[in-house]
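Remarks on the structure that follows.
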Amino acid sequence: MTGGAGNIGAKGGAAGPDTRTKLLEGALRTLAAQGIAKTSARSVAAAAGVNQALVFYHFGSVDELLAAACRYGAEQRVARHRDRFAAVTTLAELLRFGRELHEEEREGGHVAFLAQLLAGAQTQPRLAPATAAGLDLWTAEIEQVLTRVLADSPLGEFADPVGLARAVTGAFVGLELYEGVDPQGAQRAFGALEQLAALAGALDELGPVARRAVRHRLRRTERT
């Protein structure tokens, strides 16, 4: 069901160049604050300050609006941090950046938004592709970092940056949500990841003979 242009009042006219963006940002705020069960054309339009008929005029349905908002939100957040991703040169730096990103995303309400989308995608399949696409934007940045920092590491020959990037994304999302019920446990998990990053850094500092020995041992382990 779509709303016709003739039903749209003076408040938030369809021709307004910023109306679509207002709706996308209104959807992000509404979903984070009220949850997916209470997110409707009316509540999103109220948050955006426009007529609710514009939801259907621009997106066709609330589900399509939420899917577009997921992509829009991820694009905005990734673009904000892209230069920082590009500056990472070690796994330890990636972990430190991850912790900073964790705090910023949580305080900005972006974690709550993602949690609602992930929950909604379980019962509303139309949201699943957009949610996955949003996560893939983050994964692509992490994959580039891992490919770069592992290239000269003894682990680089054996690690799969593509799969590892998805594991990191999944772990990050899981820890973001886990912190809501067990903050101390989440902090301990972050600490454990930092220990692994420190171990990888120590391997990078080994001399040529020791690095060859590590590679030999890893190859033997891989074959068993």
Side-chain angles (χ1 to χ4, degrees), residues 67-106 110-111 113-122 125-179 186 189-206 211-224:
C70 177
R71 290 189 293 269
Y72 171 81
E75 288 166 357
Q76 297 293 308
R77 302 308 300 167
V78 171
R80 174 182 174 84
H81 299 292
R82 184 163 285 126
D83 288 346
R84 182 67 186 278
F85 274 118
V88 172
T89 58
T90 67
L91 289 176
E93 286 180 15
L94 179 60
L95 261 295
R96 283 196 296 271
F97 174 41
R99 295 201 75 156
E100 294 172 13
L101 186 61
H102 162 80
E103 296 297 331
E104 181 176 333
E105 295 296 294
R106 183 186 60 185
H110 307 293
V111 175
F113 168 71
L114 178 59
Q116 290 297 322
L117 273 178
L118 289 169
Q122 306 304 309
R126 291 174 66 180
L127 294 178
T131 305
L135 289 173
D136 280 347
L137 291 174
W138 290 103
T139 302
E141 296 296 324
I142 296 169
E143 182 182 329
Q144 290 181 35
V145 174
L146 291 173
T147 299
R148 184 171 66 250
V149 303
L150 290 174
D152 296 325
S153 168
L155 300 176
E157 182 180 339
F158 308 94
D160 171 20
V162 177
L164 188 56
R166 279 150 182 78
V168 170
T169 302
F172 182 80
V173 172
L175 285 172
E176 292 283 358
L177 301 179
Y178 180 49
E179 187 174 43
F190 270 116
L193 290 175
E194 288 175 348
Q195 289 175 342
L196 290 177
L199 175 60
L203 289 175
D204 289 342
E205 295 174 1
L206 294 175
R211 286 166 70 100
R212 284 196 296 272
V214 169
R215 286 194 174 94
H216 177 70
R217 178 61 181 172
L218 289 173
R219 289 192 188 100
R220 290 182 59 190
T221 303
E222 192 176 43
R223 289 194 294 268
T224 59

Rounded to the nearest 0.5 Å, what separates atom [atom1] in [X] from atom [atom2] in [Y]?
| X | Y | atom1 | atom2 | answer |
| --- | --- | --- | --- | --- |
| L94 | E141 | CG | CD | 11.5 Å |
| L137 | I142 | CG | CD1 | 11.0 Å |
| L146 | L164 | CG | CG | 5.0 Å |
| E100 | L95 | CD | CG | 11.5 Å |
| E143 | R166 | CD | CZ | 5.5 Å |

Under 4.5 Å between any side-chain heavy atoms of [X] and [Y], yes or no?
| X | Y | result |
| --- | --- | --- |
| L101 | W138 | yes |
| L91 | V145 | no |
| E104 | R80 | yes |
| H81 | R77 | yes |

I'd like to know if the side chain of D136 reaches the main chain of T139, judged simply by a donor and an acceptor atom lying under 3.5 Å from each other, with no hydrogens or angles considered.
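The answer is no, because no donor-acceptor pair under 3.5 Å joins these two groups.
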Just by modelled atom types, is the L118 backbone N or O under 3.5 Å from a matching donor or acceptor in the Q122 side chain?
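Side chain of Q122 to backbone of L118, a donor-acceptor pair under 3.5 Å: yes, one is there.
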Under 30°, 30 to 60°, or over 60°: which ring-plane class applies to F97 and F85, parallel, tilted or perpendicular?
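Rings of F97 and F85: perpendicular, as their planes differ by over 60°.
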What are the two closest heavy atoms between [X] and [Y], and how far apart are they?
| X | Y | result |
| --- | --- | --- |
| C70 | G134 | SG-CA, 4.4 Å |
| V88 | V149 | O-CG1, 4.1 Å |
| L127 | G120 | CD1-C, 4.1 Å |

Test side-chain contact (heavy atoms from CB on, under 4.5 Å) on R84 and E93; report intermediate values, then the result.
CA-CA 10 Å; R84 182 67 186 278; E93 286 180 15; over 6 Å; no
